[in-house]
2 protein chains.
Amino acid sequence: MEINITKIRLKLPEDSNGVLVKNLYLACDPYIRGFMSNPAYLEPYQLGSPIVGYGVAEVLASGHPKFKKGDMLWGKIGWEEYSLVTSPNDLFKIEHTDVPLSYYTGILGMPGMTAYAGFYRICLPKKGDRVFVSSASGAVGQLVGQFAKLMGCYVVGSAGSKEKVDLLKTKFGFDETFNYKEEKDLDAALRRYFPEGIDIYFENVGGKMLDAVLSNMRMHGRIAVCGMISQYNLERLDGVQNLFALIMKRVRMEGFVVSDHYEHYPEYVNMVLPLIREGKIAYIEDIAEGLESAAAALIGVFSGRTVGKQVVKVA
Amino acid sequence: MEINITKIRLKLPEDSNGVLVKNLYLACDPYIRGFMSNPAYLEPYQLGSPIVGYGVAEVLASGHPKFKKGDMLWGKIGWEEYSLVTSPNDLFKIEHTDVPLSYYTGILGMPGMTAYAGFYRICLPKKGDRVFVSSASGAVGQLVGQFAKLMGCYVVGSAGSKEKVDLLKTKFGFDETFNYKEEKDLDAALRRYFPEGIDIYFENVGGKMLDAVLSNMRMHGRIAVCGMISQYNLERLDGVQNLFALIMKRVRMEGFVVSDHYEHYPEYVNMVLPLIREGKIAYIEDIAEGLESAAAALIGVFSGRTVGKQVVKVA
């Protein structure tokens with residue numbers, strides 16, 4: 001990744017129905033990694049072009065009826081100071097600005113909607129369910145854990161440092177937590193916290209953790225497969241051996257992608273905004289300053305350095 | 001496995017509400033292997049005791065209101081000439097005897113109900129779906145393929161010999177078939193038959209085939225996990241690497257066990273019995289004669305020797 005400096009005219013092309021925006025915040029989302037190398041993605045990044053990702057921006061000029069000058073929006077923009085979005089239909093207008101705008105890269109944006117869709121719509125939780133969340137201090141995991149607590153579930157989260165593990169209990173109210181890097185035997189760790197097994201696993205990491213979870217699922221358990229961050233930089237993927245447990249325990253394992261669920265975004269905002277305003281839900285961000293810090297910030301997400309949602313403040 | 005000869009009195013104990021039955025047919029079902037070594041099963045077989053499995057039997061004496069002398073039944077009995085079933089509630093009375101009685105170990109018994117529950121209730125098929133069935137000439141696979149054809153699906157089956165593969169086309173009406181032992185690259189084989197991907201995979205084998213299928217699933221595909229016979233005799237299980245496809249293609253993968261679905265057995269019989277009588281569904285059995293042939297017959301299921309449902313005729 002490198003910084004390129006070019007000059008553009010801050011003017012919307014004639015007859016454009018796009019929007020010209022000034023970018024304020026960019027999100028360092030794990031899925032970005034896939035667009036750099038995974039041939040399964042339809043539109044991988046092109047070398048020499050700016051990364052495209054979720055962010056928050058202010059409209060400078062609009063040729064689209066949905067937006068006007070001065071509006072705030074969130075959605076896919078470029079990792080650059082100004083973006084011209086030629087098809088703004090997928091952008092979301094920001095209606096509520098009494099909360100930090102950066103939240104629209106996280107709890108009020110794609111990761112929040114991911115947690116909502118994955119937990120409520122894929123896991124189909126009920127009170128008393130035993131829930132395990134991996135990568136639990138991440139933007140999605142911290143919300144899944146809190147949604148589960150609000151529903152009356154027993155919630156355990158794993159993360160990769162003492163700082164993160166402590167946050168899960170003190171800030172997000174997880175019942176139990178563990179540092180997966182300090183556990184020689186993940187299977188034993190899960191048995192310790194789930195002696196009666198796991199009803200719901202919110203899968204963010206894949207690999208060895210998934211194998212250990214499979215051995216510890218309860219009857220009719222559900223696994224929402226949201227991400228597998230432990231695998232994204234491996235040359236040779238970990239092999240998962242315990243899939244027979246899907247039969248023994250009648251487990252449903254289901255992958256999902258947030259963009260299939262955006263029609264439910266308004267109902268999610270209605271649910272979560274009061275929780276934020278009343279302080280009933282906590283949310284932690286890690287804000288890097290300036291576009292020049294973006295590359296290191298993104299890499300930090302994969303090295304485990306980041307705590308909470310990694311955001312880059314552009315302006 | 002060994003044959004033990006003991007003498008018993010053919011008399012129901014006083015005050016028993018069990019049934020004393022004469023065993024006619026025994027089923028060599030793959031799941032039996034699990035009860036020999038898998039600690040996850042709650043009641044593994046005890047060394048020195050007869051195997052318990054599905055079979056067809058005639059009632060000699062009954063202390064249970066559901067059965068009377070002369071009734072035919074199917075359900076779990078011992079691998080022995082006569083069995084005393086002390087809790088007959090889980091046994092099914094055979095109402096229709098105009099079809100071969102051995103069918104109640106297969107198409108009209110547990111494997112038939114497995115195919116029905118797995119295909120209709122887990123895969124949620126619709127007309128035009130592209131369906132792949134592994135172990136397709138087995139008792140379950142041959143039925144899944146035919147149910148899928150009846151629904152108007154495109155159906156491809158894999159099996160492990162020329163004889164089996166030929167049967168899939170000539171007898172069961174599969175659209176395409178292949179011998180997995182002759183394919184150097186399972187992924188390429190699947191791409192050949194599913195250039196647009198697989199909507200439904202009925203999983204009977206696990207391991208490398210599952211990995212290849214995962215790479216070839218279509219958007220919103222479904223995988224019913226019924227069995228993983230390729231893994232049952234391995235010291236070290238194959239690792240499945242392509243689970244990230246569950247996310248990319250929003251795939252639901254769900255394990256199931258037939259016993260959870262027996263409440264739907266009457267509706268299944270209502271559906272399949274006319275199809276059998278009208279010759280609209282084919283069914284192939286491999287019948288071994290005599291209890292003394294049972295051990296070899298069971299092993300044949302795992303070595304790939306068996307074609308169709310392996311049954312042992314006891315009397």
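These numbers were taken from a predicted model, which means no experiment stands behind them. Sequence lines set the chain letters: A, B, ... in the order given, protein chains first and strands last, and positions in each chain run from 1.
- Here A:W74 and A:Y265 bring their ring centres to under 6.0 angstrom of each other.
- Taking the six-membered ring for Trp, B:Y104 and B:Y54 have ring centres at least 6.0 Å apart.
- Looking at every heavy atom in both residues, A:A297 comes nearest to A:R305 through CA-NH2, 4.1 Å.
- Residues of residues 190-225 of chain B that come within less than 4.5 angstrom of chain A, heavy atom to heavy atom, are B:L210, B:H220, B:V225 in numerical order.
- Relative ring orientation between A:F35 and A:Y31 is described as perpendicular, the plane-to-plane angle rising above 60° on a 0-90° scale split at 30° and 60°.
- Taking the six-membered ring for Trp and the full ring otherwise, B:Y232 and A:F244 have centroids separated by under 6.0 Å.
- Counting heavy-atom neighbours within 6.0 Å of A:D90 CG, excluding the residue itself, gives a total of 12 or less.
- Of the two parts of B:V257, the backbone and the side chain both hold a non-hydrogen atom closer than 4.5 Å to a non-hydrogen atom of chain A.
- Heavy-atom pairs under 4.5 Å with chain B were tallied for A:I122, A:I247, A:L243, A:L237; the largest tally goes to A:I247.
- With a 6.0 Å radius and a threshold of 12 heavy atoms from other residues, nucleotides or ligands, B:N89 has its CG atom above the threshold.
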